[in-house]
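All remarks here apply to the structure that follows.
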There are 2 protein chains.
Amino acid sequence: MDKWSQVTLNDVAREAGVSSATASRALNGTTRVRADLRERVLAAAERLAYTPNAHAQALARASSQAVGVICHDVSDPYFAGISGGVMRAAAEHDLHVIMGSTFRDPARELSYVSMMRGQRVRAILLTGSGFEDRAWQGAMREELARCAAAGTRIAAVSRHHGLRVDSVLPENRAGAAALARALLGLGHRDFAVLTGPPVITTVVDRLAGFQEALAEAGVRIAPDQIVEGAFSRDGGHRAASELVARGLRATCVFASTDIMAVGALAAFRDHGLTVPGDVSLAGFDDIPVVGDLTPPLTTVALPLEEIGRRVMALALRPATAGRSRVERVPGTVVLRASTSAPAARPRRERSPRPLTETPG
Amino acid sequence: MDKWSQVTLNDVAREAGVSSATASRALNGTTRVRADLRERVLAAAERLAYTPNAHAQALARASSQAVGVICHDVSDPYFAGISGGVMRAAAEHDLHVIMGSTFRDPARELSYVSMMRGQRVRAILLTGSGFEDRAWQGAMREELARCAAAGTRIAAVSRHHGLRVDSVLPENRAGAAALARALLGLGHRDFAVLTGPPVITTVVDRLAGFQEALAEAGVRIAPDQIVEGAFSRDGGHRAASELVARGLRATCVFASTDIMAVGALAAFRDHGLTVPGDVSLAGFDDIPVVGDLTPPLTTVALPLEEIGRRVMALALRPATAGRSRVERVPGTVVLRASTSAPAARPRRERSPRPLTETPG
DNA sequence: CTGAAAGCGCTTACAG
DNA sequence: CTGAAAGCGCTTACAG
């Protein structure tokens, strides 16, 4: 009934009538063991339902079979998608996954890394994007140096400013720029952006790329048409409502994340605005559901599962001395029905219902 | 650069000029340690960036700080939601989460449990529903007995036939029955069901509950109006298309999972059928997005995150001798626009477009 | 309160 | 090929 009832290697050895060294070798297949002894050991292990104590193995071997994965929130479809790829890859390589959700708290990210270092994981995957925060970067850099010293590999998804780790980089900047050009191509000149917390590098990059491409076409977004919100469905809903409250002058709104776009779509509907009739709407990521919305959302598609597999692959490759490896993953602009040419009719017609109505 | 450069407790002890026993006690706060010595140890640990080797601790203490979580697929919104709750709870209790995705392979579920037993986790959470498979149940029962013998707690979400483990039971049967009654209340008498793989207990329960309630009203579903598909968006799309191909005679379709309903909604649209004009559609789970679809989906809401927290809480409570604990979580019928009274017009008008058109 | 020592369950040079 | 022994890094009775 208690912990001491565990079957140990010694039990197996005794049962098989050999030394624990031989039992270990037979079980691991590391060294040649006389066939009949091996058989006896295997049979004994089977009979006793022996499972090696992973901690003892890790201690004796000075290495474990685990990798650590840190994301912002597994229940967010973006991370759920990446995590799916990571889990597949882990299963293929017989690795255990220790998962940590930071809920976007930089301090928690730091403490997870140190915890995983304590677990002596083979590698740590940082799948959330970095934070634009000097102090945090410094602390993280120190922590990662300790990991490196311990032989723990590090690989990241997205840009982690000042960390120089091997990374899979979704082309947030270029993707947003390409999206902007596509929207310009539809005839839009007045844009608004729903953006996330500016400490998150992904947010910065997408906004920068979008504005850059617009600037090349001589188009500028009015400051009051850039609204910040939480990276969530409700955050998008609130941000879009805020935009409407400020007076929506744009013909096209870019939500820097699909999940925000989902909320924005609902908000526009709640305010009596049709998409794309009154306003076009585009997102980023191509999470599973956006193609099934009405209208389906224009977005920049990222191969989330593949990103997960690739960051794992990167982490499993031995470190290269000196500089860090970077793999870029392009985003693909997917034009769907949520964006169309801007309506030719006068502004008045696009004005929202009075704000006294309750949004959903 | 290599694994041997780890800072150990001995290094800290030496640096602080005390024995490793004292260093250990100071760090853990288990026993009174003279204040000045404690200070010196803490300072030394800080200076050396010491992180205890979790494996050595687990070995010496004969217990670890980890819990194992096994689900079918983290990237599925249902499990993503539950996992979110589990992660929160884990963070609150300072537990590490080892996560395994089985991709609905019973063998993999078994091997994960044994692997986690090897990790000597405190508890294992089975968040996927069980399999209706005798052989598997037998093997799992043995495996769980070994866990129990090792002091590893087990808790599950959903019904695991023949396993008698502490469980959080979403009321699949009652929820589906309540949904059926609500749909009957709208005036429907002709139903179809899109169901999942019948080895999954959740599938069995939802279908049974739905049919049961219909039977009480004297309504029966024609066998050819029950279509099986994969538990995924595309599985739902294919199942709905198959239903249309067979000749959709129902005025209302129940998809046993929201994720299937999402696919079904798209399929109906692709076939030129409007929801709920031509056919009403309902799902189950209330995953985040279904309220934002057009039309928003009627469903049975399950508090996914809370289910996650509760299964963790259950696992953390000590085992009760003898019988297993069961916590029921009711589902709430949420009527949305995807279901309405059946159209009064003749069948002809609801007939689909010819099947030669390509579905999306 | 503190330290020397044994022990947790494995692996792996080191001798045979 | 096999076994006795040391060692992985910690914790914890056991004596002081």
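Letters A, B, ... mirror the listed sequences (proteins, then strands); counts begin at 1.
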Short side-chain N/O contact to C/dT11 OP1/OP2 from A/S24, under 4.0 Å: yes
Close side-chain approach of B/R40 to B/L37, heavy-atom, < 4.5 Å: yes
More than 12 heavy atoms from other groups under 6.0 Å of CZ on B/R47: yes
Ring geometry between B/H72 and B/F79 (parallel below 30°, tilted from 30 to 60°, perpendicular above 60°): perpendicular
Pairwise C1' distance, D/dT12 and D/dG16 [rounded to whole Å]: 16 Å
Geometric class of the B/W136/B/F131 ring pair [parallel <30°, tilted 30-60°, perpendicular >60°]: perpendicular
CD1 on A/I154 to CZ on A/R117, rounded to 0.5 Å: 10.0 Å
For atom CG of A/N10 and atom C1' of C/dT11, their distance in whole Å: 13 Å
Distance, rounded to the nearest Å, where B/Q65 contributes CD and D/dC10 contributes P: 16 Å
Rounded distance (Å) that lies between atom C1' of D/dG9 and atom CZ of A/R61: 17 Å
Candidate nucleotides D/dT11, C/dT12, C/dG9, ranked by approach to the side chain of A/N53 - the nearest: C/dG9
Per A/A56 side chain, nearest of listed nucleotides C/dC10, D/dG3, C/dC8: C/dC10
Donor-acceptor under 3.5 Å (B/R25 side chain, B/V33 main chain): no
Rounded distance in Å - NE2 (B/H55) to P (C/dC8): 19 Å
Secondary-structure stems, DNA chain D, at least 3 Watson-Crick or G-U base pairs under 3.5 Å: C:1-3 with D:14-16, C:5-12 with D:5-12, C:14-16 with D:1-3
Rounded distance in Å - CZ (A/R32) to C1' (D/dT2): 14 Å
NZ/NE/NH1/NH2 to OD/OE distance under 4.0 Å, A/R159 and A/E132: yes
Rounded distance in Å - CZ (A/R14) to P (D/dA4): 13 Å
B/R325 atom CZ: more than 12 heavy-atom contacts under 6.0 Å: yes
Nucleotide D/dC8, atom C1' - distance to CG of B/L9 in whole Å: 13 Å
Polar side-chain atom of A/D11 near backbone of A/T8 as donor-acceptor pair, under 3.5 Å: yes
Contact nearer the 5' end of DNA chain C, comparing B/S19 with A/T22: B/S19
Sorted by number, the residues of residues 33-52 of chain A with heavy-atom contact under 4.0 Å to DNA chain D: A/V33, A/R34, A/L37
Candidates D/dC1, D/dT11, C/dT2 - which lies nearest the side chain of B/Q57: D/dT11
For nucleotides 13-16 of chain C, print each protein N/O atom paired with a nucleotide N/O atom at under 3.5 Å, atom names and distance only.
from: C/dA13; atom 1: N6; to: A/R25; atom 2: NH1; distance (Å): 3.3

Side-chain N or O of A/N28 closer than 4.0 Å to phosphate OP1/OP2 of C/dT11: yes
Note: A/R146-A/E143 ion pair, threshold 4.0 Å (strictly below): yes
Proximal nucleotide (of C/dG3, D/dG3, D/dC8) relative to the A/L59 side chain: D/dC8
Test item: A/E109 side-chain N/O and A/I70 main-chain N/O as donor-acceptor pair under 3.5 Å: no
Sidechain-backbone polar pair: A/R153 side chain, A/R317 backbone, donor-acceptor under 3.5 Å: yes
